[in-house]
Amino acid sequence: PAEHSEKKTKAERATSEKTVKSGDLDARTPRYEQAFTTDATLEALNLCLTVNPHGIALVRDELSAWVLGMNEYKKGSGADRPHLQLMWNGASIVVNRKNKPAPLVIPRPFVCVVGGLPPDMLGELCDEQGREDGFIHRIFFAFPDSMPRVLTNEGMQAETLNCYCDVFDRLRRVRLNMLAEDPTVTLQLAPGVLEMFRDWVNGHYAEMDSGPTNLRGPWAKLVTYCARFALIAHLARRVSGASAVADVDEESMSHAIALVTYFKSHARKVYRLLDATPDERKITAAVAWLKRRPESMASAREFVTFKVGGVKTSDQAIYLFKQLEENRWGHTEQRTPPRGGPLTIIFRLDCRPIADRLQILVGGRK
């Protein structure tokens, strides 16, 4: 009996270890509440969502690593991209595996992916076979203009940071209060807000139909983003005491529309860069670099020294100067050094307002 008991104990221990290693979430597996993760396979993300039904953030420093890591454990034959697209839509997930008797059910998946990406790596977000699967259209881009790098003592004001954290704390308490009841709450639109939203959507669709074809995909997703922003804005205003109305009001919707309108300009920059030719990308890089230079000018030698636009020789720099001139970004100058010698070739960026320069390009490519 003692020997039988010892064998049984070993068998139970082995079964328990196998259960933990397989990732099954049973009563013996610790459940950790998380606000975010920095690295997770799709399978691990699904398990994480079962423990965190209110959603989780996936924070990656480099989003290109996130995309390149998809299906890495399935030799590239997995379905990570379409699965993540379903998560973006909020569709219920039911996962069945032959070695697990019970299905894994996630009724309301919510994953917020956030991270940075160098402009040259934007292409990694597209389907590697060149198909338009809609994955990149679901990504909301923030692509602000470059600013001069200056080290200062300025930072976020303590009062601003405290107010920001206070909003999150209040929203979290609202979420905790919901746990005891139905975790889903439906907010209605206040009178007149539906008409306001409809007018904006119709104008947005008209812009989508008449605009560049490469923007139709992301423009279609911006309607969903506008509705989500309205909900977020209203909840933030409610917990902050800025609104006493239960339903989403006109001010919250106007905030959402303003946000989407602002970020449309960012999306235009991103998709213009995605569709740009190698020469156009060099021009974009050169213009951005020249804007940060004193007097917005630089010599061919400086272009080579700093490898602007990837140039490696003076001939390549001069050819880039010619392309910049042809696209009306400025003009080339020749200067004689104070002590004599060969002429120095310099390109000076035209810093006139963009509207003035576009008048020159009427009828051509903008």
Side-chain angles (χ1 to χ4, degrees), residues 62-64 67 116-127 130 132 136-137 139-150 211-219 262-335 342-366:
E62 290 284 351
L63 285 182
S64 55
V67 176
L117 190 71
D120 289 344
M121 297 298 291
L122 275 171
E124 300 296 341
L125 300 178
C126 301
D127 180 71
E132 190 172 293
I136 192 173
H137 299 157
I139 298 177
F140 198 74
F141 290 102
F143 193 7
D145 293 334
S146 299
M147 299 292 291
R149 293 184 177 90
V150 179
T213 56
N214 66 331
L215 292 178
R216 291 180 182 177
W219 254 229
Y262 169 72
F263 280 106
K264 277 184 178 181
S265 62
H266 295 245
R268 290 188 184 98
K269 289 174 60 179
V270 168
Y271 284 90
R272 189 184 305 125
L273 193 58
L274 273 171
D275 294 340
T277 64
D279 284 346
E280 289 171 336
R281 291 177 184 173
K282 291 179 181 179
I283 291 172
T284 301
V287 170
W289 185 76
L290 283 167
K291 286 181 178 179
R292 301 192 295 268
R293 296 284 298 174
E295 300 183 20
S296 300
M297 58 180 287
S299 66
R301 183 176 181 179
E302 288 172 318
F303 264 62
V304 175
T305 301
F306 295 100
K307 296 181 174 58
V308 181
V311 301
K312 298 179 180 179
T313 65
S314 296
D315 289 340
Q316 291 177 351
I318 294 171
Y319 176 70
L320 182 54
F321 287 0
K322 182 180 179 181
Q323 289 179 306
L324 287 165
E325 277 191 318
E326 290 175 352
N327 285 271
R328 304 294 192 274
W329 279 111
H331 61 277
T332 303
E333 300 176 359
Q334 294 184 350
R335 293 185 177 181
L343 293 175
T344 300
I345 301 177
I346 294 173
F347 186 85
R348 183 185 295 275
L349 191 67
D350 188 346
C351 295
R352 286 180 295 168
I354 185 69
D356 293 345
R357 285 190 284 106
L358 287 180
Q359 290 297 322
I360 303 174
L361 295 174
V362 170
R365 184 173 182 180
K366 299 181 178 59

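Heavy-atom basis, side chains included; hydrogens, waters and symmetry copies ignored. Numbers here are sequence positions counted from 1.
Nearest heavy-atom pair, R268 versus L215, reported as atom, atom and distance to 0.1 Å: CG-CD1, 4.0 Å. Annotation for T332 and E325: closest pair N-OE2, 2.8 Å, computed over non-hydrogen atoms. Minimum heavy-atom separation, L273 to R281: O-NE, 3.5 Å. Minimum interatomic distance between E62 and L117 (heavy atoms only, all atoms of both residues): OE1-CA, 4.4 Å. When every heavy atom of L349 is checked against every heavy atom of V287, the shortest pair comes out as CD2-O, 4.0 Å.
Evaluation of the ring-ring contact (aromatic ring centres under 6.0 Å, His included) rule for H331 yields no partner, not counting sequence neighbours. Evaluation of the ring-ring contact (aromatic ring centres under 6.0 Å, His included) rule for Y271 yields no partner, not counting sequence neighbours. Every residue two or more places apart in sequence or in another chain that forms a side chain to side chain contact (heavy atoms under 4.5 Å, CB included) with K269 is listed here: F143, D145, R272. R348 pairs by the salt bridge (charged side-chain N to carboxylate O under 4.0 Å, His left out) definition with E295, E333, not counting sequence neighbours. Under the rule for a side chain to side chain contact (heavy atoms under 4.5 Å, CB included), P342 has no partner lying at least two apart in sequence or in another chain. Among residues two or more places apart in sequence or in another chain, the side chain to side chain contact (heavy atoms under 4.5 Å, CB included) test is passed with A298 by W289, L290, R293, E302, F303.
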- Message: For a side-chain contact (heavy atoms from CB on, under 4.5 Å) check, start with the C-alpha distance between H137 and W219, then their side-chain angles and the critical distance, and finish with the verdict.
- Response: CA-CA 8 Å; H137 299 157; W219 254 229; over 6 Å; no

- Task: Using the side-chain contact (heavy atoms from CB on, under 4.5 Å) rule, take I139 and V270 through it: C-alpha gap first, then chi angles, then the decisive distance, then the call.
- Result: CA-CA 11 Å; I139 298 177; V270 168; over 6 Å; no

- Query: Would D350 and R328 count as a side-chain contact (heavy atoms from CB on, under 4.5 Å) if you check the C-alpha gap in whole Å, the side-chain angles of each, and the deciding distance to 0.1 Å?
  - Reply: CA-CA 8 Å; D350 188 346; R328 304 294 192 274; over 6 Å; no

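For an aromatic pair to be called close, the ring centres must be under 6.0 Å apart, and F141 with F263 fails this.
Judged by distance alone, the side chain of E326 and the main-chain N or O of Q323 form no donor-acceptor pair under 3.5 Å.
With a 4.5 Å cut-off on side-chain heavy atoms, R335 and I346 count as touching.
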Using distance only, find each side-chain donor-acceptor pair of residues 305-322 under 3.5 Å and give its atom names and separation, not counting sequence neighbours.
unit_1: T305; atom_1: OG1; unit_2: R301; atom_2: O; d: 2.9
unit_1: T313; atom_1: OG1; unit_2: Q316; atom_2: N; d: 3.2
unit_1: Q316; atom_1: OE1; unit_2: K312; atom_2: N; d: 2.6

